[in-house]
Amino acid sequence: MSVQTIRDVLISVLGDKVGHYQARKEWNDKYAIFGETSATTELSADDRETETVIAGEIFYYTSEEYDSNVNAICEALARAEVSYSIVTIGWEQENRQISYQIHWEVACGAGEIY
């Protein structure tokens, strides 16, 4: 598993409306931005690195109330065996959209992120 797993999960639901850290200017509805926020190294008893756990956030923006894409994103993350939780749901007055913040974590190989 890797950060690219998150990208692939989002693409499976939203097509090309997925950005790594930023959105395209032409996107105005039903798009997601994702990015890594931290990396933790797990060590074995003999002080050798066994795996790296990468954590990050997904921000999904929509103007549709009860948007089924939110369920689809969560289901796709679960199928990919990605640990996730919805952290916040809120109204963005500036762009007049509902935003969903989803925290995720993936375990990668030793010293691997991508």
Side-chain angles (χ1 to χ4, degrees):
M1 220 179 302
S2 73
V3 171
Q4 293 177 13
T5 304
I6 304 303
R7 178 202 61 201
D8 296 345
V9 162
L10 292 171
I11 288 172
S12 76
V13 176
L14 302 171
D16 66 350
K17 287 185 150 185
V18 175
H20 190 218
Y21 288 109
Q22 60 185 347
R24 293 187 191 149
K25 290 181 182 182
E26 64 267 19
W27 296 344
N28 57 14
D29 195 25
K30 296 190 179 215
Y31 64 93
I33 302 165
F34 76 99
E36 313 83 85
T37 58
S38 66
T40 304
T41 301
E42 302 290 326
L43 299 176
S44 66
D46 57 359
D47 290 334
R48 293 180 191 251
E49 185 175 334
T50 57
E51 70 179 3
T52 302
V53 177
I54 307 300
E57 305 298 324
I58 297 167
F59 293 90
Y60 176 66
Y61 299 92
T62 180
S63 60
E64 182 180 330
E65 189 173 11
Y66 310 116
D67 189 334
S68 63
N69 281 338
V70 177
N71 287 341
I73 290 168
C74 293
E75 290 168 1
L77 288 167
R79 275 194 310 277
E81 298 182 352
V82 173
S83 174
Y84 74 92
S85 63
I86 298 176
V87 179
T88 60
I89 303 169
W91 175 251
E92 303 264 335
Q93 186 63 36
E94 182 179 314
N95 59 10
R96 305 195 52 75
Q97 290 181 317
I98 302 165
S99 66
Y100 296 83
Q101 179 183 357
I102 303 168
H103 176 79
W104 54 265
E105 293 183 3
V106 293
C108 305
E112 296 177 10
I113 298 175
Y114 306 110

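In what follows, residues are counted from 1 in the order of the sequence shown. Below, each value reflects all heavy atoms present in this structure, side chains not excepted, and no hydrogens, waters or symmetry copies. Since the model is a prediction, treat every value here as computed from it, not as a measurement.
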query: Taking the hydrophobic residues Ile, Leu, Val, Met, Phe, Trp and Tyr, and joining any pair whose side-chain heavy atoms are under 4.5 Å apart, which ones share a cluster with Tyr31?
result: Trp27, Ile33, Phe59, Tyr61

query: Please, which pairs that meet salt bridge (Lys or Arg N to Asp or Glu O under 4.0 Å) have at least one residue in residues 52-79, sequence neighbours excluded?
result: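 Sorted pair list: Lys30-Glu64, Lys30-Asp67.
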
- request: Let me see the working for Ile98 and Val70 under side-chain contact (heavy atoms from CB on, under 4.5 Å), right down to the final yes or no.
  value: CA-CA 11 Å; Ile98 302 165; Val70 177; over 6 Å; no

Interatomic distance, [X] atom [atom1] to [Y] atom [atom2] [nearest 0.5 angstrom]:
X	Y	atom1	atom2	result
Ile54	Thr37	CD1	OG1	9.0 Å
Glu81	Thr5	CD	OG1	10.5 Å
Ile6	Glu36	CD1	CD	9.5 Å

message: Is any side-chain heavy atom of Asn69 closer than 4.5 Å to one of Thr62?
response: no

Shortest non-hydrogen contact between [X] and [Y], atoms and distance:
X	Y	answer
Ala107	Met1	O-CB, 3.5 Å
Tyr84	Ala78	CE2-N, 4.1 Å
Gly35	Trp104	O-CZ2, 3.5 Å

Name every donor-acceptor pair, under 3.5 Å, that has one atom in a side chain of residues 85-95 and the other anywhere in the protein, sequence neighbours excluded.
residue, atom, partner, partner atom, Å
Thr88, OG1, Gln101, OE1, 3.1
Trp91, NE1, Gln93, OE1, 2.9
Glu92, OE2, Ser99, OG, 3.0
Asn95, OD1, Gln97, N, 3.3
Asn95, ND2, Gln97, OE1, 3.2

- prompt: Does any pair with a residue in residues 4-24 pass ring-ring contact (aromatic ring centres under 6.0 Å, His included), and if so which ones, sequence neighbours excluded?
  reply: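 Residue pairs with at least one partner in residues 4-24: His20-Phe34.
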
Residues 7-17, side-chain donor-acceptor partners within the protein, below 3.5 Å, at least two apart:
residue, atom, partner, partner atom, Å
Ser12, OG, Val9, O, 2.6
Lys17, NZ, Asp29, O, 2.7

message: Does Gln22 have more than 12 heavy atoms from other residues, nucleotides or ligands lying within 6.0 Å of its CD?
response: no

